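See below for the structure under consideration.
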Amino acid sequence: VLTAALLAASPALGAGGEGHLENHEFSFDGMFGAYDQGELQRGYKVYKEVCAACHSLKYVAFRDLADLGYDEAQVKALAAEWQVPGIDPNTGEANLRPGLPTDYFPSPYPNNVAAAAANNNAIPPDLSLMAKARGDGTNYIYSLLTGYGPIPAELKADFPDFDTPTGLYFNQYFPNLNLAMAPPITSDGQVTYADGTEATVDQMSKDVAAFMTWTAEPTLVKRKQTGWPVLGFLLFA
């Protein structure tokens, strides 16, 4: 069991419990912020090619990708790249078929037992609302993806008995410092961006953090836009 002092050594918690994460400036920050569709499209690509192998997006439908700047034909094509559970109309048996815009992102595992068996008995969480499920969710996701590495010498000096068990990975931004998820983004160029953006580890982590913010709060920009006239009316009233 980790002591309170060891937990305080994690930047994700901090000595005061409020945490200290890597902070990035995102286009949607602030009162006038808005989503950058290019960033979201890059983040979707990182999710599809890296994260989707283990994590689901069960609350997001393929048709929602229109918000990322894709037209109707592109949404249909993107949906068809995925295999979703279906029923054979001739036999009534379960099968897999190409996705439709009305389908939701499929889970990579048939059930939690299979998910746990494939991940050292840890069930990968759904990512649909992850940015809202964690404090400062966007920066938490970015920090977590870039926070893997060896145990710092100063931490070992202060806590000589602390170690990372086999099957876990040290991550300075995970609350208890040891994480069951292996580093998902491991090297520059892991994905290839269609817009020519250099796919560094930092860039890919930033883009997918922005994408997961959108999946959790797709109406973020509309909410901000609505807030200004409401505030104006209240001030007038």
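Bear in mind the structure is a predicted one, so any value in this text is a computation, not a measurement. Starting from 1, each residue takes its place in the sequence as its number.
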query = Does the side-chain contact (heavy atoms from CB on, under 4.5 Å) test come out yes or no for E217 and F28, once each step is laid out?
reply = CA-CA 11 Å; E217 294 193 89; F28 45 84; over 6 Å; no
ask   = Salt bridge between R97 and D103, side-chain N to carboxylate O under 4.0 Å?
value = yes
task = Hey, could you give me the CD/CH2 distance between E39 and W214, rounded to the nearest 0.5 Å?
result = 13.5 Å
message = Under a 3.5 Å cutoff, is there a donor and acceptor pairing between the side chains of Y44 and D207?
response = no
note = The salt bridge (charged side-chain N to carboxylate O under 4.0 Å, His left out) partners of D64 (sequence neighbours excluded) come to none
query = CG of L144 to OH of Y173: how many Å apart, nearest 0.5 Å?
reply = 10.5 Å
inquiry  = Would you call the rings of W82 and F62 parallel, tilted or perpendicular, taking 30° and 60° as the class edges?
reply    = tilted
message = Count I, L, V, M, F, W, Y as connected when their side-chain heavy atoms are under 4.5 Å apart, and connections chain through other members. Are I185 and V191 then in the same cluster?
response = yes
query = Does atom CD of E81 have more than 12 heavy-atom neighbours, drawn from other residues, nucleotides or ligands, at distances under 6.0 Å?
reply = yes
ask   = Roughly how far, to the nearest 0.5 Å, is the NZ atom of K206 from the CG atom of N139?
value = 10.0 Å
ask   = Side-chain donor-acceptor pair under 3.5 Å between Y59 and D126, yes or no?
value = no
task = Could you tell me the separation between the OH atom of Y193 and the CD atom of E198, rounded to the nearest 0.5 Å?
result = 10.5 Å
ask   = Strictly by modelled atom types, are D195 and T197 linked by a side-chain donor-acceptor pair under 3.5 Å?
value = yes
Value rounded to 0.5 Å, distance of SG in C54 from OH in Y109 = 3.5 Å
task = Would you check if there is a donor-acceptor pair between the side chains of T138 and T213 at a distance under 3.5 Å?
result = yes
query = Does NZ belonging to K156 count more than 12 external heavy atoms closer than 6.0 Å?
reply = yes
key: Trace of the side-chain contact (heavy atoms from CB on, under 4.5 Å) decision for T186 with V201   = CA-CA 7 Å; T186 57; V201 171; over 6 Å; no
inquiry  = Holding to salt bridge (charged side-chain N to carboxylate O under 4.0 Å, His left out), I want the full list of residues that pass it with K76, two or more places apart in sequence or in another chain.
reply    = E72
task = Kindly confirm or rule out a cation-pi arrangement of K58 over F105, judged by NZ or CZ under 6.0 Å from the six-membered ring centre and within 45° of its axis?
result = no
request  = Could you pull out the closest heavy-atom pair between V221 and A34, with the gap in Å?
outcome  = CG2-CA, 3.7 Å
key: Atom pair CZ/CG of R134 and L21 - distance to nearest 0.5 Å   = 12.0 Å
